[in-house]
Protein chains: 6
Amino acid sequence: MSETTRPSGRQPDQLRSVEIQRHFTKHAEGSVLVAFGDTRVLCTASIEDRVPAWLRGKGEGWVTAEYGMLPRSTGSRMAREAARGKQSGRTQEIQRLIGRSLRACVNRQALGERVITLDCDVLQADGGTRTAAITGAYVALVDAVQVLMKREKLKRNPIVGAVAAVSVGIYQGTPVLDLDYAEDSSCDTDMNVVMNDGGGFIEVQGTAEGHAFRRDEMDALLGLAEKGVGELVAAQRAALGQ
Amino acid sequence: MSETTRPSGRQPDQLRSVEIQRHFTKHAEGSVLVAFGDTRVLCTASIEDRVPAWLRGKGEGWVTAEYGMLPRSTGSRMAREAARGKQSGRTQEIQRLIGRSLRACVNRQALGERVITLDCDVLQADGGTRTAAITGAYVALVDAVQVLMKREKLKRNPIVGAVAAVSVGIYQGTPVLDLDYAEDSSCDTDMNVVMNDGGGFIEVQGTAEGHAFRRDEMDALLGLAEKGVGELVAAQRAALGQ
Amino acid sequence: MSETTRPSGRQPDQLRSVEIQRHFTKHAEGSVLVAFGDTRVLCTASIEDRVPAWLRGKGEGWVTAEYGMLPRSTGSRMAREAARGKQSGRTQEIQRLIGRSLRACVNRQALGERVITLDCDVLQADGGTRTAAITGAYVALVDAVQVLMKREKLKRNPIVGAVAAVSVGIYQGTPVLDLDYAEDSSCDTDMNVVMNDGGGFIEVQGTAEGHAFRRDEMDALLGLAEKGVGELVAAQRAALGQ
Amino acid sequence: MSETTRPSGRQPDQLRSVEIQRHFTKHAEGSVLVAFGDTRVLCTASIEDRVPAWLRGKGEGWVTAEYGMLPRSTGSRMAREAARGKQSGRTQEIQRLIGRSLRACVNRQALGERVITLDCDVLQADGGTRTAAITGAYVALVDAVQVLMKREKLKRNPIVGAVAAVSVGIYQGTPVLDLDYAEDSSCDTDMNVVMNDGGGFIEVQGTAEGHAFRRDEMDALLGLAEKGVGELVAAQRAALGQ
Amino acid sequence: MSETTRPSGRQPDQLRSVEIQRHFTKHAEGSVLVAFGDTRVLCTASIEDRVPAWLRGKGEGWVTAEYGMLPRSTGSRMAREAARGKQSGRTQEIQRLIGRSLRACVNRQALGERVITLDCDVLQADGGTRTAAITGAYVALVDAVQVLMKREKLKRNPIVGAVAAVSVGIYQGTPVLDLDYAEDSSCDTDMNVVMNDGGGFIEVQGTAEGHAFRRDEMDALLGLAEKGVGELVAAQRAALGQ
Amino acid sequence: MSETTRPSGRQPDQLRSVEIQRHFTKHAEGSVLVAFGDTRVLCTASIEDRVPAWLRGKGEGWVTAEYGMLPRSTGSRMAREAARGKQSGRTQEIQRLIGRSLRACVNRQALGERVITLDCDVLQADGGTRTAAITGAYVALVDAVQVLMKREKLKRNPIVGAVAAVSVGIYQGTPVLDLDYAEDSSCDTDMNVVMNDGGGFIEVQGTAEGHAFRRDEMDALLGLAEKGVGELVAAQRAALGQ
């Protein structure tokens, strides 16, 4: 495992530098620019005093997410989804993942009948946009909930623990943490892992791009993910001044 | 953990009865009706002598999948996606999963410049439609490839191993195999596992619906999946007369 | 008229073998697999306790139909309408025809404020899918109404008579009954006739594909249709145990 | 049959006044404003030197039709189909009917590799828009073909006979010819009949709105249609100066 | 500047002949066929007793516009927007312009909670369709309001002044009024000017197609527009018998 | 004119602070974050070696623009256009304006057969997003052309002069320069002016929201626009180091 050189020169178990900048834009109740290396995602949390039709009158709230990539966030320009008239399957898959992940840390009864929408827009992509989005959206969500707390709209804090995400994969035979684009586009196996701050798994999505992965490889990958999420949760706490 | 009674009375590690009926319809090169208990999915494999634009001239083929549910395959009628004018995010996620899973057992160079489309249409749903679809689509794919072999269109068999899939989850605290609808709609954790006949993992997609799952729970679930896929591969072989 | 040999060897006034299998799937209130020879259509009837906006408060119900073909129900694969994002003109024309035809045997006041949706999905096509769909949907409709009767939701039976449909056409100069695909794709004139069990015409849709048809040809075709529908109504009754 | 008074005071077998105004607009190769009483439809024929992909290289042409209603051609404003983003099932059904009907009088080999598109736009509706459209579109088609003949693009005239259409129905128990809106909206049976100038039937589309119609009623309706189409063909000839 | 000959032989400051024909169709509350030379637009005004959701309960009405071109209103056939499934950017831009322009002469409180929709459909295009549409729609709007006044639905007349529009441009170096298609397709600068009968500007939309225009050119264009709108307002008054 | 106090405290002829940050993201050939006060727009220029079908083989290039607003760039969250499945009329109007404006400073023959797409995405909106977008897109365009020059793909510089844009309007009776949201949402007249560095007008789009504007008001507004664009062109030059 030791000889492989990652394109970035990182150690196999090393995250890229993580930056979490709060209050990046002024209108949203939560607005966070998160960077995992060169991947930069703007995550905003917007509060609305309504619930979807199917939740009306149940005394519960909802947390949902939308995801987009600016057309030139990538190496070659992608068609704008608004112009094509529909969101790709990949986009829908990612925004469903972000929504599920963040709902895992929210007590929806405590939130009351309101919706918080997490918009995750990729300004610059270099691998790992969905894991950066989840990690940043959590901070935006906490900020938005703080706005509600300050306005005395909530009796108790609906946030239950913290959520962060990281990708792991097997690059040239070696399990590595937090793949960048150079690794992601040539690796054999790619897994996105969403966890909470208690070490519990919220989502595990692993795909063998090349050869199928063995049980021992999976164990190694999960171990790397646990380490990475631990560091990301610490970065979230630092950003939030907790 | 041991006392839980599954709604169906099955043992925790027991699959539903599996039926794989080949040649269910006459036009498709492969046509399989697969049943996992009351879940019934019609899987057809269609060969076309063309490739997508981005593969032209590369000497490789492609395998892709589409998924649909008949409007009244479910307990209450769902809107027809063709009438609504778009496929849901769930549908797209599932058909992308089926396509990736089946490509994992195909040598695309050996297939040559043609597309095989796997249409998986749910006639009756009772949980586990995507895992039944993958398991049945494999058999349809083998039948379609046999048609090509008989027509002497291929120099060698492009099928590499077998692929099958099963769901596992934690129902009332107990890890169980092959969830039906009654279990699926009330379980805490739900994982779909796609494996090959060599015991390698192709896809792992686990979601904590309620509480996050621990590492030891994950180990138990993966063990159940290995057992279930083994039995499904045997059923595929039996159906194919191998 | 006597010399023509039909591709199937049938007599000019001979239907294909008709099979009507009730309770084919378990969720729908009515679920019928109808076969006209190799043409197989799954017809489900679904009851919903709502009416369209324009019928609200009028004390009447509604009966509507949707139609679809599985992508590989045909000789070469057709694009999935849900993926293309819209239903073809042909699909819409057929589902409007099915809906009008079935409404002709329903007393909508007696049905009360509810909708019955008839989903007709073609599993295998060999000509005459729309006439098979109408014939099978009638049986599914009767089964669904029986469910309402058993639940004591209706004061009186809203079904008024029976409805069945058959195609007729001129194949190589000879008027023939119940065209299969081989005939349909090469005949000069094609007419779909929907009738009730009292010998009344509900819909007549005739199209001259090649030369225009004469009045005497029309007379012969209508005579064949009357014979065919009579036999189909008998098959419906037998299936329903009436 | 004799006592019924039609809302318009017409005899049962009397057409509305028919006007066919050629060269109504200047750009189209054929441009006809046709009036059946208060129903007014602008029919243009446009020639393009291309064929659909599926006809390329076969040496044949194509004739197709599109149909639309101006939003306020009707008593209450209808939503604009371009704004709603799709054509209704009714629109598609009608434009398919117009296209099939006009193709019945065209020798597509003689037309050569070009498309003639018949756009039928309803300026004012008072029943019978589709039959007026077919009758007017024929004249526009002849004018467009004349343009090609004058430009010496054709070796022989591809127009084979004439085509016209009329509606018939049973109004308060009496078979009547050429229904206006007042009759159409309250009649029991409505049939659109497309015929050629040789008395042959091209399309017959009859629908029982109320009670099913008997065979003898159908005979009476077809007789009225034959009379009406005869008069319409004469009006077409007069307009064309033949 | 003086020597330029316009393709039509008109003087630089000369409008095309203007015709405003009221009551062109019978259903709409206002129905005007307006001609600016060969440009002919049918403008209907439709009253509905509803307001958009965002205006409900405010005691105000709304005036909106839709615009369309018949497919063969132009020299070569354009695709039908209803068939393509969406309105072009140009169409939306024009209908937004027409709506804003007409709202400028309506007191929406005096109109009360109702919508007037102005449908402007181009039957024949020869440049200046949007300015003809605005000019004709005003007359249709006045007619529709008169219908409301006669029905005693309004306490006071909501029409405040008159609105008309004309295009101006620089053709071969000379500022000219009311461009026809021959001029429009080859001119350097094109400006649409909407004014009221008090000489106030409601909209000015100028675009330099070739070289940017100078301030003194703009002055000349605005002067031409003032002259043209004055004449158009006089034509509106004459048509309305004011 | 002197007494009005602008919400921001600015003088009537005072721009907001302008910032032009180049190389904001790494993938695009030109990437500029432009700020007009709190309005922030990311403008990227992407080069592609293709032309639209209608330009093929003409030896010319094309410059086009797309515009979008992040859902929470505004005070209350807007629906994401990609999720709604279409771009609004406003979006299309703006992106057409940006495209036309930038094409006015490009020699398309000199550009050769390639497309430059200017994506203007609003990160934070506070009025004037379209004028900021045009001003920033010009700088991104120059950067992208410099990349082509460095790669020796161009014989001569296709950029002809500079283009910038500013809004002007009448706020509480006073003509003011560069409206922010507080002014924009309550002003009577709003005009967007696009000019080149030679003082020529490229686009003038003025709308009277309240009362129609007089000729002398228009003169004052154009004067303010000339001053503002002059300062913006200077800021562009400074940013480009010219």
Side-chain angles (χ1 to χ4, degrees), chain D residues 23-33 35 37-50 64-88 91-92 95 115-126 137 140 144 181, chain E residues 23-33 35 37-50 64-88 91-92 95 115-126 137 140 144 181:
Chain D
H23 312 305
F24 184 71
T25 55
K26 73 172 186 179
H27 295 298
E29 286 75 22
S31 175
V32 167
L33 184 70
D38 275 350
T39 289
R40 283 196 269 160
V41 184
L42 175 53
C43 307
T44 59
S46 298
I47 301 166
E48 288 166 289
D49 282 330
R50 55 165 193 89
T64 186
E66 295 193 4
Y67 171 91
M69 298 184 83
L70 294 196
R72 196 55 196 283
S73 58
T74 46
S76 57
R77 187 177 183 274
M78 300 187 314
R80 185 178 291 264
E81 291 189 330
R84 288 195 309 139
K86 64 177 196 175
Q87 295 179 300
S88 70
T91 291
Q92 291 187 63
Q95 63 194 13
V115 170
I116 300 184
T117 303
L118 300 160
D119 285 291
C120 300
D121 285 276
V122 179
L123 303 189
Q124 189 171 277
D126 189 36
Y181 180 75
Chain E
H23 312 305
F24 185 72
T25 55
K26 73 173 186 178
H27 295 299
E29 285 76 22
S31 176
V32 167
L33 184 70
D38 275 350
T39 289
R40 281 197 270 160
V41 184
L42 175 52
C43 307
T44 59
S46 298
I47 301 167
E48 289 166 290
D49 282 330
R50 56 164 191 90
T64 186
E66 295 193 4
Y67 171 93
M69 298 183 83
L70 295 195
R72 197 55 195 285
S73 58
T74 46
S76 56
R77 186 177 183 275
M78 301 186 314
R80 186 178 290 265
E81 291 190 329
R84 289 194 309 138
K86 63 177 197 172
Q87 295 179 300
S88 71
T91 291
Q92 291 188 62
Q95 64 194 11
V115 168
I116 299 183
T117 303
L118 300 160
D119 285 291
C120 300
D121 285 276
V122 178
L123 303 189
Q124 187 170 279
D126 189 36
Y181 180 74

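Each chain gets a letter, A, B and so on, in the order its sequence line appears, and its residues count up from 1. Bear in mind the structure is a predicted one, so any value in this text is a computation, not a measurement.
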Novice: Below 4.5 Å from any heavy atom of chain E, which atoms of D/L42 appear? Answer side chain, backbone, both or neither.
Specialist: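 Answer is side chain: those atoms of D/L42 sit under 4.5 Å from chain E.
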Novice: Please lay out, stage by stage, how D/H27 and E/R77 fare under the test side-chain contact (heavy atoms from CB on, under 4.5 Å).
Specialist: CA-CA 9 Å; D/H27 295 298; E/R77 186 177 183 275; over 6 Å; no
Novice: Please look at E/R84 and chain D and tell me whether the side chain, the backbone, both or neither of the residue comes under 4.5 angstrom of a heavy atom of that chain.
Specialist: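 Answer is neither: E/R84 stays 4.5 Å or more from chain D.
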Novice: Contact part of D/D121 toward chain E, heavy-atom cut-off under 4.5 Å: side chain, backbone, both or neither?
Specialist: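 Only the side chain of D/D121 comes within 4.5 Å of chain E.
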Novice: With only heavy atoms counted, which part of D/T91 is less than 4.5 Å from chain E, the side chain, the backbone, both or neither?
Specialist: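 Neither part; nothing is under 4.5 Å.
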Novice: Between D/K86 and chain E, with a heavy-atom cut-off of 4.5 Å, which part of the residue counts as in contact: side chain, backbone, both or neither?
Specialist: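 Contact with chain E is through the backbone of D/K86 alone.
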Novice: Is chain D contacted by the side chain of E/S76, its backbone, both, or neither, given a heavy-atom distance below 4.5 Å?
Specialist: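 Contact with chain D involves no heavy atom of E/S76 at all.
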Novice: Pick from E/D38, E/L70, E/D119: which one has the most heavy-atom pairs with chain D under 4.5 Å?
Specialist: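 Highest number of pairs under 4.5 Å: E/D119.
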Novice: In a check of side-chain hydrogen bond (donor to acceptor under 3.5 Å, both in side chains) between D/R80 and each of E/Q95, E/E66, E/E81, E/Q87, which one passes?
Specialist: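 Among the candidates, only E/E66 passes.
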Novice: Below 4.5 Å from any heavy atom of chain E, which atoms of D/T44 appear? Answer side chain, backbone, both or neither.
Specialist: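 D/T44 touches chain E through side-chain heavy atoms alone.
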Novice: I'd like to verify something: which residue of E/A82, E/A45, E/G68 has the highest number of heavy-atom pairs under 4.5 Å with chain D?
Specialist: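 The option with the most such pairs is E/A82.
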Novice: Does any backbone or side-chain atom of D/S73 lie under 4.5 Å from a heavy atom of chain E? Answer side chain, backbone, both or neither.
Specialist: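 For D/S73, the backbone is the part near chain E, not the side chain.
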Novice: Which answer fits E/T25, side chain, backbone, both or neither, if we ask what part of it has an atom under 4.5 Å from a heavy atom of chain D?
Specialist: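 Contact with chain D: backbone and side chain both.
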Novice: Would you name the heavy atoms of E/R72 and D/I47 that are closest together and state the gap between them?
Specialist: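 Closest pair (atom of E/R72, atom of D/I47, distance): NH1-N, 4.3 Å.
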